[in-house]
*Asks:* 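Pasting a structure below so you can have a look.
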Amino acid sequence: MSDIFANKIGTVAAARNDAPVEGSQSLRYSPAEIEPRWQALWDADPSLYASEGHDSGKPKYYCLEMLPYPSGALHMGHVRNYAIGDALARYMWMRGHNVLHPMGWDAFGLPAENAALKNNTPPREWTLTNITAMRKQMKRLGLSYDWSIEVTTCLPDYYRWTQWIFLKMYDAGLAYRKKSKLNWCSLCQTVLANEQVVNGCCWRHEDHPVEQRDLTQWFLQITKYADELLDGLDKLDGWPEKVRTMQRNWIGRSEGTLISFAVKDSPEKVSVFTTRVDTIFGATSVQLAPEHVMTKAFAAEDPTLAAQVEEMIAQQKAAREAGDLGAIEKHGVSTGRFAVNPFNGELVPIWVANYILADYGTGAIMSVPAHDERDFEFAQKYGLTIKRVVGPNVDTDDLALPYTVEDEAVLIDSGEWTGESSLEAQGKMATFAKANGFGTPTVTYRLKDWGVSRQRYWGTPIPMVYCERGHAGVEPGGVVPLPESALPVLLPEKVEITQQGGSPLGRVPEFVNTTCPVCGGPAQRETDTRDTFVDSSWYFYRYADAKNTTAPFASEKANYWFPIDQYIGGVEHAILHLIYSRFWTKVMHDLGLVADDEPAKRLFTQGMVVKDGAKMSKSKGNVVSPDLMIERYGADATRMYALFAVPPDRDLEWQEDGLGGISRFLNRVYRLTLKYKDAHRSTNTLAGQSVAGQQLLRKLHQTLEKITRDFSGRWHFNTSISAIMELVNEVQAAEPAMDSEEIPVATVAEVFRTLVLMLAPFAPFFAAELWSEIGGKGVVFRTPWPQADAELAQDDEMQVPVQINGKLVTVVSIAAGSEDAAVKAAAMTDAKVVARLEGKVVVKIIMVPGRLVNVVVK
RNA sequence: GCGAAAGUGGCGAAAUUGGCAGACGCACCAGACUUAGGAUCUGGCGGAGCAAUCCAUGGGGGUUCAAGUCCCCCCUUUCGCACCA
């Protein structure tokens, strides 16, 4: 490839018509001329960014940035994300890796339908047009994606396999249909997963509260993997702690006990979930959620209670809609009924309370006011009994309540368990409850199964039909999965999209009406489509084998590339995409499709791009267009600025003036490189080295060391780039010495060659241009990364600060590697030090080898 | 309320292990060159002071020969969670 490429370089360079005047101070590099020229060249060679075979002998490296939604235009957040990924991918190539660096489109979703309504353009057309525009922008930015394996989730060659995996999940019992209460966004006209509800509002409409609706929907059984998802987090030490914590909280695993309380004068029992069974002797009431079945049963016999519960539910709904659930005051109402504490036979009143969540645990609790803050608050309000049963020791009298400590606490007034430690009692009492048939140790999760049905058009059709008449094993109207041979279930093109409720596909008879694949009788297709987060849960596997027409991918190919070595994206996906795709990977692992059970070894979440202190958004009017920046300063400068301004994990405050600085820097490099380009052709390599030459080489190798270290470690590209700037400042200062050849020509050549290579990951067009100018062989970003020479980087002198009582007095210069005694002598004989020591008594002298001398005086 | 991260010049920031606070860049100031340019080059640029020197990393305490960095308390900002029994 490189030979062909070198020829192309020659052709283009020769064809250029604006050869700059060498040595001119006003020489300016023109990104507008350089960048499109190289872009055209790269675009014409699809093999340029393609990964090599598995037998390439190189270590593999899978570098992945999160795929965008094709909204129509890249924003600065994208540019930043991709600039980071691209620098890394190019660097890994130069370090001799076989790199997979793909890009695709998360192309299903509601905005396409909204656009269709607004502009009367079909979603498919709108989406594909946007993809074309954004792909062009990415190319303009010079991003090194392998476009031959591009993945577009809304095309049948992709969603066919999303359907296929769904069928596998159905077979494995992981996909099921159930009626339940679901979050409904009236603006989106569809249900939402729990993960898509933010502060009680829709994730797409931040100020619009979701409603609860009873619907029959498809679910994926992510809860089956709750423990695996949780335990897996411990091994993901290449993920930010913040993301791991968010996922742990989201999963919300909680170990406890189910305790069954008998209801007085009733055959019914009420089951409560508690993590503190050790406090059960202090239970002074049972609290039911307003939506609890027993609440309903009691209310049915008691109109007053029914009205009160009704009001409670209404109030809660209002609070949710005001987006202020947290502020709602606890209140409740007694049912007049009693439950029996199975541990001591005590009768406790049954209440209904608004702070009991219907969908967590059993929707009922035992209330222990002395040892739970919420129960305490509630009991105080209603004057319920507060009975203390745990304390630091058995004799404690005065104790501030509620007392919620469980480590180092012991039980009081708790029958045969009195005096036991809380933690031990928890185990023993659960066992006792189980042995006596009124309790079970239980684990509860906050995580709920993932509702994936959406009442929208622009999504992956669900490959299921409902057999009208039914047949053996299937009742009339029952679910029948389609066979693999029926895939893909194509999304019909001509669909009227309206804002009215119900799935748009339901209004397309040709789609709905079909035949049952088992009995051949009439059947109706499922008309909901799937949540787009399903599409993006496995897209990165498809890159490994994007053209496969007989399977989602060949396992052998996926197993070569996975896990992803570095995944880069925004933190906003911490518990959406990133938990779904972990789940999906575990499922595919269990289905035998992939070897690993985690998709990505390392995750990096970059900071936001902000302007005037706020996230860029159209509504705030503070959006900076990448296209405009490229026009003004070029893609290289724009990308480099995004990396230079701030470390990649922090928020970036966009300041266009800073971009001007990068542009000037590149200009300087351009002028200098061209001025000395003849050095690369010089045959005069015999000249000896001079002090000035040695100094320049030292700086060069120090810079190289630093950048190499930054790439493998902290990714502080801002300091990598400032190190290159420092180097260039020194090169510029050395101009006279280079002109006079005091610095040998061979050294000049080495400096510029290395400089261009170091710039290649950050400014690819620019580096390619200069590489061709200095006669570099092959493609610059496939050229091996230069090796830093530790010996050349070694300083021959060191600057040792000298302090008196910790305050800096002077800095002494001394030969590098000098003995401590010599450094001490140099410090103590320094004129400034001598003057300051006059009349003082030296108590001791602290020597930090190679770093500092501190003289402690009295 | 709970949890996490952060707070350093006019601005973005740097300081790898407790060891010269402010690298690099922006803005600004002065100068040079000029067929005036949003070009380039040179120098300056935390505060006070003529200077020696002193003060300074959100505030207050502490540990240490030495603290932006470690410990304690407080303030502010951002993010996440928010009755999860």
Side-chain angles (χ1 to χ4, degrees), chain A residues 24-28 198-199 240-243 245-246 249-250 252-254 256 272-276 279 287 325-330 353-357 359-368 371-375 377-378 444-447 571-572 574-575 607-608 610 613 632 641 644-647 649-665 667-668 671 706 709-710 713-714 716 718-726 728-729 732-733 735 799-811 835 843-848 850-857:
Chain A
S24 160
Q25 290 283 304
S26 60
L27 178 65
R28 291 190 63 73
V198 181
N199 291 329
E241 195 50 52
K242 180 187 168 131
V243 172
T245 304
M246 281 166 77
N249 292 342
W250 187 259
R253 184 181 202 273
S254 175
V272 304
F273 175 72
T274 179
T275 55
R276 292 295 306 273
T279 64
Q287 303 284 346
L325 262 179
I328 193 164
E329 201 193 327
K330 289 182 181 43
N354 67 340
Y355 71 98
I356 308 305
L357 303 174
D359 58 358
Y360 182 78
T362 61
I365 64 150
M366 62 177 203
S367 173
V368 185
H371 307 293
D372 181 281
E373 305 212 1
R374 296 151 300 179
D375 295 347
E377 188 188 331
F378 189 84
T444 308
Y445 301 90
R446 187 178 178 274
L447 181 73
V571 74
E572 65 272 16
I575 45 178
M608 281 189 306
V610 301
R632 284 191 190 153
Y641 171 69
F644 172 70
V646 57
D649 52 342
R650 272 211 240 171
D651 284 355
L652 162 59
E653 169 75 36
W654 193 264
Q655 290 186 333
E656 198 176 327
D657 284 340
L659 186 43
I662 295 288
S663 179
R664 282 198 288 272
F665 162 72
N667 239 333
R668 246 173 18 243
R671 178 183 71 78
K706 166 153 180 56
R709 200 165 50 230
D710 279 344
R714 301 188 307 162
H716 279 200
N718 54 329
T719 59
S720 310
I721 294 169
S722 22
I724 300 178
M725 287 173 170
E726 280 185 60
V728 171
N729 288 346
Q732 196 166 357
E735 264 190 277
Q799 312 293 316
V800 182
V802 182
Q803 300 179 332
I804 294 181
N805 285 348
K807 298 229 169 191
L808 181 73
V809 173
T810 189
V811 177
V843 179
K844 61 174 163 176
I845 299 174
I846 312 264
M847 299 289 307
V848 184
R851 283 215 99 122
L852 159 138
V853 179
N854 187 14
V855 185
V856 185
V857 300

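Quick note: numbers below take in every heavy atom, side chains included, and nothing from hydrogens, waters or symmetry partners. Predicted, not measured: the structure shown is a model, and the values here were computed from it.
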*Asks:* Given the P atoms of B/G59 and B/U69, what is the spacing between them in whole Å?
*Replies:*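 11 Å, rounded to whole Å.
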
*Asks:* To the nearest Å, give me how far apart CG (A/Leu808) and P (B/C54) are.
*Replies:*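 After rounding, the reported distance stands at 10 Å.
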
*Asks:* Could you work out the separation of B/G9 and B/A5 based on their P atoms and round it to a whole Å?
*Replies:*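 Per the computed distance, 22 Å lies between those P atoms.
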
*Asks:* Could you state the CD1-P distance from A/Ile804 to B/A52, rounded to the nearest angstrom?
*Replies:*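 So the CD1-P distance, A/Ile804 to B/A52, works out to 16 Å.
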
*Asks:* Checking all strands, does A/Asn854 fall into the base, sugar-phosphate, or nothing category for heavy-atom contacts under 4.0 angstrom?
*Replies:*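 Base contact.
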
*Asks:* Within this structure, what is the OG-CE distance for the pair A/Ser720 and A/Met725, rounded to the nearest 0.5 Å?
*Replies:*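 That separation rounds to 11.5 Å.
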
*Asks:* Looking only at side-chain atoms of A/Lys807, point me to the closest of B/C55, B/C81, B/A85.
*Replies:*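 Side chain of A/Lys807 sits closest to B/C55.
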
*Asks:* Nearest 0.5 angstrom please: A/Leu659 CG to A/Arg632 CZ, how far?
*Replies:*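 Rounded to the nearest 0.5 Å, the CG-CZ separation comes to 9.5 Å.
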
*Asks:* When rounded to the nearest 0.5 angstrom, what distance separates CD1 in A/Ile365 from CZ in A/Phe378?
*Replies:*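 The CZ atom of A/Phe378 is 8.5 Å from CD1 of A/Ile365, to the nearest 0.5 Å.
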
*Asks:* Return the stems involving RNA chain B, sorted by first number, where pairs are Watson-Crick (N1-N3 with N6-O4 or O6-N4) or G-U wobble (N1-O2 and O6-N3), both under 3.5 Å, and runs are 3 or more long.
*Replies:*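 Detected stem regions: B:1-7 with B:75-81, B:10-12 with B:24-26, B:28-32 with B:40-44, B:46-48 with B:53-55, B:58-62 with B:70-74.
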
*Asks:* Pick the C1' atom in B/G10 and in B/G22, then give their distance to the nearest Å.
*Replies:*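 About 14 Å, rounded to a whole number of Å.
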
*Asks:* May I have the distance from A/Glu377 (atom CD) to B/A82 (atom C1'), rounded to whole angstrom?
*Replies:*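 Going from CD in A/Glu377 over to C1' in B/A82 covers 14 Å.
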
*Asks:* Write down the protein N/O and nucleotide N/O pairs, taken from nucleotides 8-14 of chain B, whose separation is under 3.5 Å; answer none if there are no such pairs.
*Replies:*
unit_1, atom_1, unit_2, atom_2, d
B/C11, O2', A/Gln655, NE2, 2.7
B/G12, O2', A/Ala645, O, 3.0
B/A14, OP1, A/Asn718, ND2, 2.9
B/A14, OP2, A/Arg650, NH2, 2.6

*Asks:* Taking B/A6 as the reference, what is the distance to B/A52 when you measure between their P atoms (whole Å, please)?
*Replies:*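 Here B/A52 and B/A6 have their P atoms 38 Å from each other.
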
*Asks:* Which label fits A/Trp654 and A/Tyr641: parallel for a plane angle under 30°, tilted from 30 to 60°, or perpendicular past 60°?
*Replies:*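 Plane angle over 60°, so perpendicular.
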
*Asks:* Quick check for you: among B/G25, B/C26, B/A82, whose closest atom lies nearest to any side-chain atom of A/Arg668?
*Replies:*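 The answer is B/G25, which lies nearest to the side chain.
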
*Asks:* Mind checking A/Gln732 for me? I need base, sugar-phosphate or nothing, with any heavy atom below 4.0 Å counting as a touch.
*Replies:*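 The answer is sugar-phosphate, as A/Gln732 gets under 4.0 Å only of primed atoms, P, OP1 or OP2.
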
*Asks:* Please report, rounded to the nearest Å, how far the C1' atom of B/A66 is from the NZ atom of A/Lys844.
*Replies:*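 About 11 Å, once rounded to whole Å.
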
*Asks:* Give one of base, sugar-phosphate or nothing for A/Ile356, where a contact means two heavy atoms less than 4.0 Å apart.
*Replies:*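 It contacts base atoms.
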
*Asks:* What's the closest nucleotide to the side chain of A/Asp657 if the choices are B/C65, B/A23, B/A27?
*Replies:*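 In terms of side-chain proximity for A/Asp657, the closest of B/C65, B/A23, B/A27 is B/A27.
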
*Asks:* With a 4.0 Å cut-off on heavy atoms, is A/Gly252 in touch with a base, just the backbone sugar-phosphate, or nothing at all?
*Replies:*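 Result for A/Gly252 = nothing.
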
*Asks:* How far does the P atom of B/U78 sit from the matching atom of B/U63, given to the nearest Å?
*Replies:*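 So the two P atoms sit 35 Å from each other.
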
*Asks:* Is the glycosidic torsion of B/G49 within 90° of 0, making it syn, or is it anti?
*Replies:*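 Base orientation: anti.
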
*Asks:* Classify A/Asp359 by what it touches in the nucleic acid, base, sugar-phosphate, or nothing, heavy-atom distance under 4.0 Å.
*Replies:*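 Nothing, no nucleic acid heavy atom in range.
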
*Asks:* What closest approach, in Å, do A/Ile575 and A/Met246 show between heavy atoms, and which atom pair accounts for it?
*Replies:*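 Here A/Ile575 and A/Met246 meet closest at CG2-O, 3.7 Å.
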
*Asks:* Side chains of A/Val856 and A/Asn805: does their closest heavy-atom pair fall under 4.5 Å?
*Replies:*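 In contact.
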
*Asks:* Out of curiosity, A/Glu653 CD to A/Met608 CE, how far, rounded to the nearest 0.5 Å?
*Replies:*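 It is 11.0 Å, given to the nearest 0.5 Å.
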
*Asks:* Can you measure A/Ile846 atom CD1 to B/C20 atom P for me and round it to whole angstrom units?
*Replies:*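 Atom-to-atom, A/Ile846 to B/C20, this comes out as 15 Å.
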
*Asks:* Looking only at atom P, what distance separates B/G58 and B/G12, rounded to whole Å?
*Replies:*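 These two P atoms come out 14 Å apart once rounded.
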
*Asks:* Has A/Arg851 got a side-chain N or O lying under 4.0 Å from the OP1 or OP2 atom of B/U17?
*Replies:*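 The answer is no; no side-chain N or O of A/Arg851 sits under 4.0 Å from OP1 or OP2.
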
*Asks:* OP1 or OP2 of B/A85 sitting under 4.0 Å from any side-chain N/O of A/Lys330?
*Replies:*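 The answer is no; no side-chain N or O of A/Lys330 sits under 4.0 Å from OP1 or OP2.
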
*Asks:* Rounded to the nearest angstrom, tell me the gap between atom NZ in A/Lys242 and atom P in B/A4.
*Replies:*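 In whole Å, B/A4 P lies 13 Å from A/Lys242 NZ.
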
*Asks:* State which of B/C81, B/C65, B/A23 makes the closest approach to the side chain of A/Ser722.
*Replies:*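 Nucleotide nearest to A/Ser722's side chain: B/A23.
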
*Asks:* Starting from C1' on B/A21, measure out to CD on A/Gln803 and report it in whole angstrom.
*Replies:*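 Result: 12 Å.
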
*Asks:* Looking only at side-chain atoms of A/Met246, point me to the closest of B/G80, B/C24, B/C20.
*Replies:*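 Nucleotide nearest to A/Met246's side chain: B/G80.
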
*Asks:* Which atom pair, heavy atoms only, marks the closest approach of A/Thr810 to A/Leu808?
*Replies:*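 Closest approach of A/Thr810 to A/Leu808, heavy atoms only: O-CD1, 3.6 Å.
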
*Asks:* Please give the distance between the P atoms of B/C55 and B/G18 as a whole number of Å.
*Replies:*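 So the two P atoms sit 26 Å from each other.
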
*Asks:* Have A/Arg668 and A/Asn729 got a donor and an acceptor in their side chains that come within less than 3.5 Å?
*Replies:*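 Yes, because at least one side-chain N or O of A/Arg668 sits under 3.5 Å from a partner of the opposite role on A/Asn729.
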
*Asks:* Reckon A/Tyr355 has a side-chain N or O less than 4.0 Å from the OP1 or OP2 of B/A85?
*Replies:*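 So the side chain of A/Tyr355 is outside the cut-off, no N or O lying under 4.0 Å from OP1 or OP2 of B/A85.
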
*Asks:* Taking the side chain as every heavy atom from C-beta outward, state whether A/Lys330 and A/Asp375 have any atom pair closer than 4.5 Å.
*Replies:*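 A side-chain contact under 4.5 Å is absent here.
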
*Asks:* Roughly how far, to the nearest 0.5 Å, is CE of A/Met366 from OG1 of A/Thr274?
*Replies:*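 Between A/Thr274 OG1 and A/Met366 CE, I get 3.5 Å after rounding to 0.5 Å.
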
*Asks:* A/Arg664 side chain: which of B/A85, B/A39, B/C20 is closest?
*Replies:*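 Comparing B/A85, B/A39, B/C20 against the side chain of A/Arg664, the answer is B/A39.
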
*Asks:* For the atom pair NZ (A/Lys706) and CD1 (A/Ile724), what is the distance rounded to the nearest 0.5 Å?
*Replies:*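 Atom-to-atom, A/Lys706:NZ and A/Ile724:CD1 are 10.0 Å apart.
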
*Asks:* When you match A/Met608 and A/Leu852 each to their closest nucleotide on RNA chain B, which lands nearer the 5' end?
*Replies:*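 Its nearest nucleotide lies further toward 5', so the answer is A/Leu852.
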
*Asks:* Given that A/Val848 and A/Val856 both sit by RNA chain B, which one's nearest nucleotide is further toward the 5' end?
*Replies:*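 Nearest-nucleotide comparison on RNA chain B picks A/Val848.
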
*Asks:* In whole Å, I'd like the distance from the CD atom of A/Gln799 to the C1' atom of B/G19.
*Replies:*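 Rounded to whole Å, this separation is 16 Å.
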
*Asks:* Give me the distance, rounded to whole Å, that separates B/C26 from B/U76 when you measure between the C1' atoms they each carry.
*Replies:*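 Each nucleotide's C1' atom is 26 Å from the other's.
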
